[in-house]
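Below, chains carry the letters A, B, ... as their sequence lines are ordered, and counting in each starts from 1.
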Number of protein chains: 2
Amino acid sequence: MQSVNLKRLAEELHLSIATVSRALQDSHEVSPATKERVRALATALDYQPNAYASSLRRNQSKTIGVVIPKVTNHFFALAINGIEEAARQAGFHVLIYLTHEEYEREVSIIQHLKGGRVDGILMSVASGTENTEHLRSLRIPVVFFDRICPDISTANVTTNDYESGYQATAHLIEAGCRTIAHLLLSSSLSIGRNRQQGYLDALVAHGLTPSPGLTLPGTPANDGPAGQVGRIRELLQRRPDIDGIFASVERLAVSAYHVCRELGRRIPEDVKIVGFSNLESVSLFDPPLTTITQPAYDIGREAAKILLRAVEKKRPILPTQSVVLASELVQRRSTMP
Amino acid sequence: MQSVNLKRLAEELHLSIATVSRALQDSHEVSPATKERVRALATALDYQPNAYASSLRRNQSKTIGVVIPKVTNHFFALAINGIEEAARQAGFHVLIYLTHEEYEREVSIIQHLKGGRVDGILMSVASGTENTEHLRSLRIPVVFFDRICPDISTANVTTNDYESGYQATAHLIEAGCRTIAHLLLSSSLSIGRNRQQGYLDALVAHGLTPSPGLTLPGTPANDGPAGQVGRIRELLQRRPDIDGIFASVERLAVSAYHVCRELGRRIPEDVKIVGFSNLESVSLFDPPLTTITQPAYDIGREAAKILLRAVEKKRPILPTQSVVLASELVQRRSTMP
DNA sequence: GAGTTCTGTGTAAACGTTTACGTAAATAAA
DNA sequence: TTTATTTACGTAAACGTTTACACAGAACTC
């Protein structure tokens, strides 16, 4: 198909394939003059090495796989941005796989990746994932970011979720809230548990008593925006005394806004809202949304760097290489006293 | 490395490698009994075929490359979603490359892809791209979506940009605007030219005279949000009579909101705004933004389908396979009379 | 029963690289 | 001069698949 290969170059230059290959890799076993001849013809014929032959022989593909729940969440879009940047700098390619928060898809994707198509994996586990068997039998290096898998001994890149949960809740309390709801995506994710613990500790530290009914745990099988809106509406109707909402994920904050409008609850007069979000346009919201903003780009880039270093040095990834980055609380009108 | 391969299976089953290979492909040349034995051992040992050996031999990688300007634009995130879905259904993998709107990166990426790493390419050209030489020498099938390359004879998946430009402008006029600005990303993209023509024709059809000074053409080298804000501010200060803004891209609509706030122009009382956007949260904006919403998911999926069909049948892609999908104008408060 | 087709399997050659090993000539060391 | 080392290249064997071809034996045809 693609007719210009090492053989073709070798024939035209009256050299062996081996010499041509070595010349293109700038091997010291080739004379400068020959190298020059080879390079000249290679560029003249627009030679590009066959990635698959090379990968097969070297047993490494210069490719990493990114397995994430969705790309329409701005957090993940920014993370991909950081990943792609780190990969490009290291000469690596990026394969992308979306789980859509579904356990089955995640298993199927990981199964495919076992074939050695990628040298390493960056992953944020699906909200529907509870069993981690598919990840434990994985022989390929993996780094988790944001949504980690505690069962696997590897490096994780996360944010200070406990502190963020504490900070967000304390912020609401200081703004005058007394009955604060916590909306989360899935209670099976460690990330959610950490935020929940921060939320609980902040309540207690400020002399408020946590109520189980105020935490909306999310369904294991993510039921999408419609289901989320329904569950939030039900919660706000059941507990009309709620005066503060802490949303653990962007979508839930948006859904909460919609429900508040529908039920005629004014933000921030009746209900104050703070939510995790990476949307730049929250400042244009009515009212502007107070956010916990994660350094999504840096998370992606750091995770990729750790993975790429390990792949390049062929060293295992140690849990001690884990990185925790700080999120930032950006105060806006939705939590004004 | 990955020790379980065809050889291993063949040895354990006392068969030849060829038979094992054929059995796994469900070839009619293998007896049902043997097939069953092979399949049983393959699953027992968790065998996964080596993708690179297979790709090398078959000369096709079951992989497509997606080359886009950025993934943080919600339009592209949704498009990737559609692409990934179509690819997954066809058993294809998706490599992702970001140009960051830069011509040099685009050239470098395309150069890499010439090595046969992918069977096909889906692409939306960078705003910085004016020379198309790198695309013309490409031997791999490519389908453009949204931002096409008119020089290349292939299928394109676009939206009705001219009509959208006309419709958006007419909508502003009907809402009472008389001096309408058009903000676009890059005047070198065909997509921008089409929208601009729709804008101009709508003005004339409604008895208004277009003024060149009202079109903000964008810089070839995309100067990012800060530069955009500066140019929009300069325009609104130079022309205080502007009472309508048509933004050809999401970011510009957001920037326009910020500038209007900064300059104290009320939306929609002083200035009405309509913008291309795929953000779900525009309905939470203050005021909610009237949008032209492109069917981004469908665009990605359609483009991928066309490409994948061509790759699978090994047929060339014809311009006649192009698809034009309709965008939708969603009226919200930012253009209320 | 001789010839023909079909069935199931094995042999071996590809695909395009990389690389261990071999080797002639050139240079250095003795 | 002889021997050791270096330099610059070639030979050939991998990497794990797929597949054209060969070939037994079984099942048909006449």
Side-chain angles (χ1 to χ4, degrees), chain A residues 1-39 41-42 45-63 91 112 114-119 139 314, chain B residues 1-39 41-42 45-63 91 112 114-119 139 314:
Chain A
M1 173 93 288
Q2 178 221 318
S3 46
V4 44
N5 49 20
L6 287 185
K7 190 172 162 198
R8 167 89 184 279
L9 291 180
E11 279 168 1
E12 301 226 359
L13 292 163
H14 300 289
L15 286 171
S16 76
I17 293 179
T19 304
V20 176
S21 172
R22 280 187 283 240
L24 292 172
Q25 294 173 79
D26 204 21
S27 158
H28 62 275
E29 295 188 80
V30 178
S31 75
T34 309
K35 274 185 197 172
E36 207 31 66
R37 282 210 305 146
V38 172
R39 278 200 277 249
L41 187 65
L45 296 185
D46 199 20
Y47 166 76
Q48 279 295 124
N50 181 302
Y52 294 102
S54 174
S55 294
L56 176 60
R57 179 57 224 249
R58 302 181 107 124
N59 200 30
Q60 58 143 319
S61 58
K62 287 249 170 205
T63 304
H112 271 286
K114 281 183 182 168
R117 186 178 283 269
V118 297
D119 297 337
R139 297 275 205 66
K314 294 189 190 295
Chain B
M1 171 93 292
Q2 179 223 315
S3 47
V4 44
N5 51 20
L6 287 185
K7 192 171 159 199
R8 167 88 184 281
L9 291 181
E11 280 168 1
E12 301 226 359
L13 292 164
H14 301 288
L15 286 171
S16 75
I17 292 179
T19 304
V20 176
S21 172
R22 279 187 284 238
L24 291 171
Q25 294 172 79
D26 205 20
S27 159
H28 62 276
E29 297 187 81
V30 179
S31 75
T34 308
K35 273 185 197 171
E36 206 31 66
R37 283 208 308 145
V38 172
R39 277 200 278 250
L41 187 67
L45 296 186
D46 200 19
Y47 166 76
Q48 278 295 124
N50 182 301
Y52 295 102
S54 174
S55 294
L56 175 60
R57 178 56 224 245
R58 303 182 106 123
N59 200 28
Q60 57 144 316
S61 59
K62 287 245 167 209
T63 304
H112 270 286
K114 282 182 183 170
R117 187 177 283 270
V118 296
D119 297 336
R139 297 276 202 68
K314 294 188 190 297

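Separating the CG atom of Leu56(B) from the C1' atom of dC15(D) is a distance of 9 Å, rounded to the nearest angstrom. Counting to the nearest Å, the C1' atom of dT9(C) and the NZ atom of Lys35(B) are 14 Å from each other. When rounded to the nearest whole Å, the span between CG of Leu24(B) and C1' of dT18(D) equals 12 Å. Rounded to whole angstrom, the span from the CG atom of Asn50(B) across to the P atom of dG16(D) amounts to 7 Å. Rounded to an integer number of Å, the gap from Arg117(A) CZ to dT17(D) P is 13 Å.
Taking the side chain of Arg22(A) as heavy atoms from C-beta on, and the options dT17(C), dT9(C), dG10(D), the nearest nucleotide is dG10(D). With dT17(D), dC9(D), dT17(C) as the candidates, the nucleotide lying closest to the side chain of Thr19(A) is dC9(D).
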*Just do the side-chain contact (heavy atoms from CB on, under 4.5 Å) check on Leu45(B) and Leu9(B) with the steps written out, would you?*
CA-CA 9 Å; Leu45(B) 296 186; Leu9(B) 291 181; 3.9 Å; yes

*Going through the checks in order, is the side-chain contact (heavy atoms from CB on, under 4.5 Å) test met by Tyr52(A) and Thr63(B)?*
CA-CA 12 Å; Tyr52(A) 294 102; Thr63(B) 304; 4.0 Å; yes

*Would Arg39(B) and Asp26(B) count as a salt bridge (Lys or Arg N to Asp or Glu O under 4.0 Å) if you check the C-alpha gap in whole Å, the side-chain angles of each, and the deciding distance to 0.1 Å?*
CA-CA 10 Å; Arg39(B) 277 200 278 250; Asp26(B) 205 20; 3.7 Å; yes

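Using a 4.0 Å cut-off, some side-chain N or O of Ser21(B) falls inside it from OP1 or OP2 of dT18(D). Contact between the side-chain N/O atoms of Arg58(B) and the OP1/OP2 oxygens of dT18(D) is found at a separation under 4.0 Å.
Taking Ser54(A) as the reference, Arg58(A) meet the side-chain contact (heavy atoms from CB on, under 4.5 Å) condition, with sequence neighbours excluded. With sequence neighbours excluded, no residue forms a salt bridge (charged side-chain N to carboxylate O under 4.0 Å, His left out) with Lys62(B). In this view, Arg57(B) satisfies the salt bridge (charged side-chain N to carboxylate O under 4.0 Å, His left out) rule with no residue, not counting sequence neighbours. In terms of the salt bridge (charged side-chain N to carboxylate O under 4.0 Å, His left out) criterion, Glu11(B) has no residue partners (sequence neighbours excluded).
Using a 4.0 Å heavy-atom cutoff across all strands shown, Thr34(A) reaches sugar-phosphate atoms only and no base atom.
A heavy atom closer than 4.0 Å to some atom of DNA chain D occurs in Gln25(B), these being the qualifying members of residues 25-33 of chain B. Of the residues in residues 6-18 of chain A, those lying under 4.0 Å from DNA chain C by heavy-atom distance are Leu6(A), Ile17(A), Ala18(A).
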